[in-house]
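One structure is given below, encoded as structure tokens.
None of the values given here were measured: they were computed from a predicted structure. Every chain is numbered from 1 and lettered A, B, ... according to where its sequence line falls, protein lines coming before strand lines.
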Amino acid sequence: MKGKDFLSGQNILKRIFFLLIPFGILLFLAFLQIVNLMIFQSEKFITQADSNRILKEKVFPPRGLIYDTNDQIIVNNFIRQDLVLTPNFIDNHSEYLSFISELLDVEKNVLENIFYEKLSEIKPFQSFTLLRNLNDEQLAKFKLNSNKLPGTEIIPSFSRNILFGESIGSTIGYLGFASKQNILNNPKLRNFNDQQIGLTGIENEFDEELRGIPGYRFSEKDVNGNVLEVLDTEPSMKGKNIKLSIDIELQESLYREFEGRKGALIAIEPDTGLIRAMISSPSYDPNYFNNLNFEEIKLILNNENSPLFNRAISGQYPPASTLKPFIGLVALEENIISWKDKILDEGEFFVEGDDRPYRGWKEGGHGEVDMEKAIAESSDVYFYNIAFDLTITSISPFLEKFGFGKSSELFINENNGILPNKKWKLGQQGEFWFKGDTINMAIGQGFILATPLQIALAYCALINGGELLTPRIVESIGGENTKSSSKKIVLKDKKNLDYIQDALIAVVESNTGTANNIYDSELRIAGKTGTAQVKSILDDKKYQEIRENILLRDHALFVGYGPIENPNLVVVAIVENGESGSLVAAPIVKKAIDFFQKNE
Amino acid sequence: MSRKPLDYSINLHLGASKRKMSMDIWILLSVLILSLFGVSMIYSASQSIEMAMRQSIYLFLGFSLLILISFSNYRKMEPFYLYCYWPGLFFLILVLIFPSENSETKRWIDFGIFTFQPSELMRFLIPLSASAFLSRKPLVSNFDYLTVFVFTILATYFVLLQPDLGTSLIVLLSGLIPILLGGLSWVLISLGVFSVFLSLPVIWFSLYEYQQQRIITLFNPEADIYGSGWNIAQSKIAIGSGGTFGKGYLNGSQSQLNFIPESHSDFIFAVISEEFGLLGVLFLFVMYGLLIYRLFLISINHQNRFAKILSATLSMILLAYISINICMVIGLLPVVGMPLPFVSQGGTALIINLVTIGIILSLRRET
């Protein structure tokens with residue numbers, strides 16, 4: 001009997017229907033309830049939904065502050081008032097924009113451009129900033145008419161403010177809005193799509209630390225988007241403060257020394273790699289960018305001296321005679337010549353089979369010179385001679401160890417300079433490397449180019465016993481100190497470094513030294529002058545012609561360090577078209593070292 | 001009686017014609033429409049393209065499995081079905097030992113690229129095993145029912161430990177339905193129902209406090225609007241304010257302003273109601289009605305005991321999910337973790353549901 005029962009298909013079917021009953025009842029009740037909610041009670045719920053708008057809005061923290069090494073504040077923020085709106089609360093967009101345009105005296109098409117672009121980017125019930133930095137009059141007008149402007153709020157936000165304007169502008173950099181490309185490349189920026197982020201300089205390099213983490217505000221709003229109550233906040237995290245190694249007083253006074261001439265300066269500590277001054281002249285005031293002052297921005301962009309270009313790290317110059325100590329050092333290391341060996345300099349150098357002379361800068365030459373004198377008086381012929389015995393395959397790798405040809409990676413827009421070798425020339429110029437190229441390179445001309453920062457780092461290595469430093473411009477981030485690091489340069493004979501330093505001292509202290517004009521027994525400085533040719537010239541007559549055009553005049557270079565007893569600062573100064581390293585660049589360097597001692 | 005199990009799996013009318021049922025296009029269509037509708041609602045609820053994309057990938061995978069399985073021969077699969085309870089139990093234990101660290105509950109196992117919810121698998125494996133077990137010989141003894149019952153209780157217990165009240169109820173149902181359909185005598189059924197009523201107090205006190213809270217909340221959601229009743233109250237506002245035609249896709253203020261909790265998963269019905277109104281709800285009901293009707297039709301028309309019990313059980317589980325989820329969102333039942341089949345976000349649930357359909361479709365073959 002049992003078995004028959006269990007096998008019956010009818011029986012199973014009955015049970016299926018039996019089990020369906022509770023689900024049927026449930027769904028029937030559900031349907032009644034849904035109709036009840038959606039038809040009979042819908043008005044009540046529509047009112048509730050409208051009155052019940054809790055919006056989650058991002059709250060941005062102020063960017064981190066930037067201090068100089070003496071805790072003098074360089075960059076801070078001030079509060080400004082922005083007009084922020086939520087489009088979902090606005091019925092007629094065009095009417096609304098006309099009203100705002102008339103009320104706040106802003107051109108309607110400007111508003112329309114911003115409005116419709118942002119509208120296409122945001123999600124439902126998100127808000128965006130329509131106008132930034134309202135003035136007092138606009139604020140007053142808005143407050144009087146706020147009841148006619150649904151979904152519109154005045155929200156305080158932060159403006160970036162550089163206290164020392166131009167003098168440090170190119171180092172600090174400016175803020176701007178993240179582009180779609182920026183956001184694609186860095187998804188972390190998605191939170192900041194309506195916010196200014198650092199686009200250049202320190203602001204860009206340390207943007208992630210400076211900008212902090214946004215928080216949220218949950219506020220209840222009425223149908224018109226007016227805030228009824230702030231229910232909850234999730235605090236934002238303030239950006240980290242940054243302490244630069246820059247000494248702002250030094251920076252400012254040295255920037256003034258350039259008097260608007262084009263040029264650059266780097267002052268760096270040879271033991272720690274901390275940069276105490278970094279100047280690119282002419283510079284610009286980042287506040288114009290941060291506060292969206294478009295008229296001024298236009299002037300900056302159109303300025304033919306390109307103030308946005310940071311010459312200290314991106315400018316690539318022929319190192320000229322400042323390269324000579326390194327060529328001398330290779331020659332000593334390679335045993336091409338000894339420290340005391342003398343060469344007769346009669347002002348010209350000839351290569352066999354080439355009629356054209358390689359001329360020294362001084363007519364008639366320097367007479368019999370050894371390396372010390374050759375560096376002190378900057379004899380070109382001496383270096384032509386040793387370059388003739390050297391090869392580019394030994395010079396280039398040696399200079400590479402001192403940091404030439406490669407960015408130090410302090411800033412993203414730092415240039416690599418050019419450290420030529422045979423392969424480079426074949427690839428770039430399609431020509432083989434000639435002996436003449438090596439000879440030109442011995443006096444820092446020809447293909448080789450270096451940034452002021454590279455020259456400074458190379459000189460640091462000369463005087464700190466062969467440590468190629470990683471430069472630092474930040475002493476601490478959010479209270480955490482940065483660490484110094486360096487790479488050891490292996491030399492065959494360390495004594496050679498002492499020789500070179502003696503020569504650099506002679507540049508200033510010997511009566512015939514090229515920078516004897518800055519000699520000061522109170523503050524002993526060593527260094528090397530350089531005159532970088534903008535255009536190579538064949539005879540004096542042409543030279544005078546070229547001088548007529550200021551832009552073709554030679555660049556004046558000086559690299560100095562001091563005090564000799566215990567050097568604590570290496571300074572590179574370049575004055576474009578300044579012609580004389582000793583007369584134009586060297587006094588700036590001396591001033592820098594002098595000022596630094598007094599400020600220490 | 002030493003023959004291989006399932007040799008006796010019995011056709012109810014031995015003389016029935018061996019006709020082959022054709023592929024049920026209505027089932028495929030309604031499942032596909034529901035799932036695609038789900039993906040678009042998940043996007044609206046979460047505002048996350050990634051989440052919608054992930055669901056689409058699961059849909060593609062699940063639907064491919066559905067098609068594949070629907071062509072399999074269930075008679076050859078029966079031995080696997082009989083024993084598939086064990087791997088299910090293995091994963092239920094595994095999840096308690098190695099739960100995903102992203103959640104406070106122990107519901108998911110994290111496999112790096114995807115997470116997997118063993119309880120969802122279990123509520124699908126138990127009907128398979130139980131139906132096969134209760135059809136393996138012509139006479140089913142009360143001991144067989146007891147066996148199924150005990151193993152079901154064991155699995156339910158492990159799911160309760162996670163803790164997951166909603167799914168544990170479904171797991172329990174997935175074992176009880178085959179027993180009831182299999183032919184347990186009415187006397188024993190009545191006895192069982194009676195003893196459940198007696199043990200209700202015991203169950204109540206063994207619930208976690210938040211689970212008790214949910215049941216209390218059910219009866220008076222408006223009492224504490226920012227507390228435990230908040231979810232239900234907000235969900236009701238969303239549904240009610242949808243009205244007849246709804247507020248439009250992506251335009252529901254309740255959904256878009258994050259008033260609705262878990263809006264992309266368990267509460268997605270509220271989002272649909274708010275944005276598409278009563279019309280949207282009717283559309284959903286029609287789709288589900290069509291699907292469930294066609295599924296039960298297979299069970300009703302089938303001549304094989306195993307196939308009949310299995311398809312009815314699996315269809316009924318889907319129906320249970322649909323009705324419990326909707327009742328919970330509109331405030332008729334307590335809030336338990338239970339997604340809306342094919343629509344709610346959740347990879348494991350979607351794939352299991354699609355595979356369920358695939359298995360039911362495979363039963364349409366008469367061999």
Quick check on [X] against chain B: is it the side chain, the backbone, both or neither that has a heavy atom closer than 4.5 Å?
X     : answer
A:F40 : neither
A:L29 : both
A:F17 : side chain

Toward chain A, the part of [X] with a non-hydrogen atom under 4.5 Å:
X      : value
B:L134 : neither
B:I292 : neither
B:T313 : neither
B:F269 : side chain

With rounding to the nearest 0.5 angstrom, report the [atom1] to [atom2] distance, [X] to [Y].
X      : Y      : atom1 : atom2 : answer
A:M38  : B:I330 : CE    : CD1   : 10.0 Å
B:I239 : A:Q41  : CD1   : CD    : 11.5 Å
A:L26  : B:I324 : CG    : CD1   : 7.0 Å

For the residue pair A:K44 and B:I237, establish whether any side-chain heavy-atom pair is separated by less than 4.5 Å.
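Result no, sub-4.5 Å side-chain heavy-atom pair not found.
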Min side-chain heavy-atom separation B:R305-A:I12 under 4.5 Å
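The answer is yes, as the side chains (C-beta and beyond) meet within the 4.5 Å cut-off.
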Please name the pair of heavy atoms, one in [X] and one in [Y], separated by the smallest distance, quoted to 0.1 Å.
X      : Y      : result
A:A30  : B:I326 : CB-CG2, 4.1 Å
B:K308 : A:L13  : NZ-CD1, 4.2 Å
A:F23  : B:S323 : CD2-OG, 3.4 Å
B:L180 : A:L19  : CD1-CD2, 3.6 Å

Check whether more than 12 heavy atoms from other residues, nucleotides or ligands sit under 6.0 Å from atom [atom1] of [X], and answer yes or no.
X      : atom1 : answer
A:D91  : CG    : no
A:I79  : CD1   : no
B:Y293 : OH    : no
A:I412 : CD1   : no

Parallel, tilted or perpendicular: which fits the ring planes of B:F285 and A:F31, with parallel below 30° and perpendicular above 60°?
tilted
Report yes or no: does A:Q33 contribute a side-chain atom to a donor-acceptor pair with the main-chain N or O of B:L332 at less than 3.5 Å?
no
Looking at A:R15 and B:G182, would you say the former's side chain and the latter's main chain have a donor-acceptor pair under 3.5 Å?
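No; judged by distance alone, with no hydrogens or angles, the pair does not exist.
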Apply the test side-chain contact (heavy atoms from CB on, under 4.5 Å) to residues A:I16 and B:S299: give CA-CA distance (whole Å), side-chain angles for both, the deciding distance (0.1 Å), then the verdict.
CA-CA 9 Å; A:I16 289 176; B:S299 174; 3.4 Å; yes
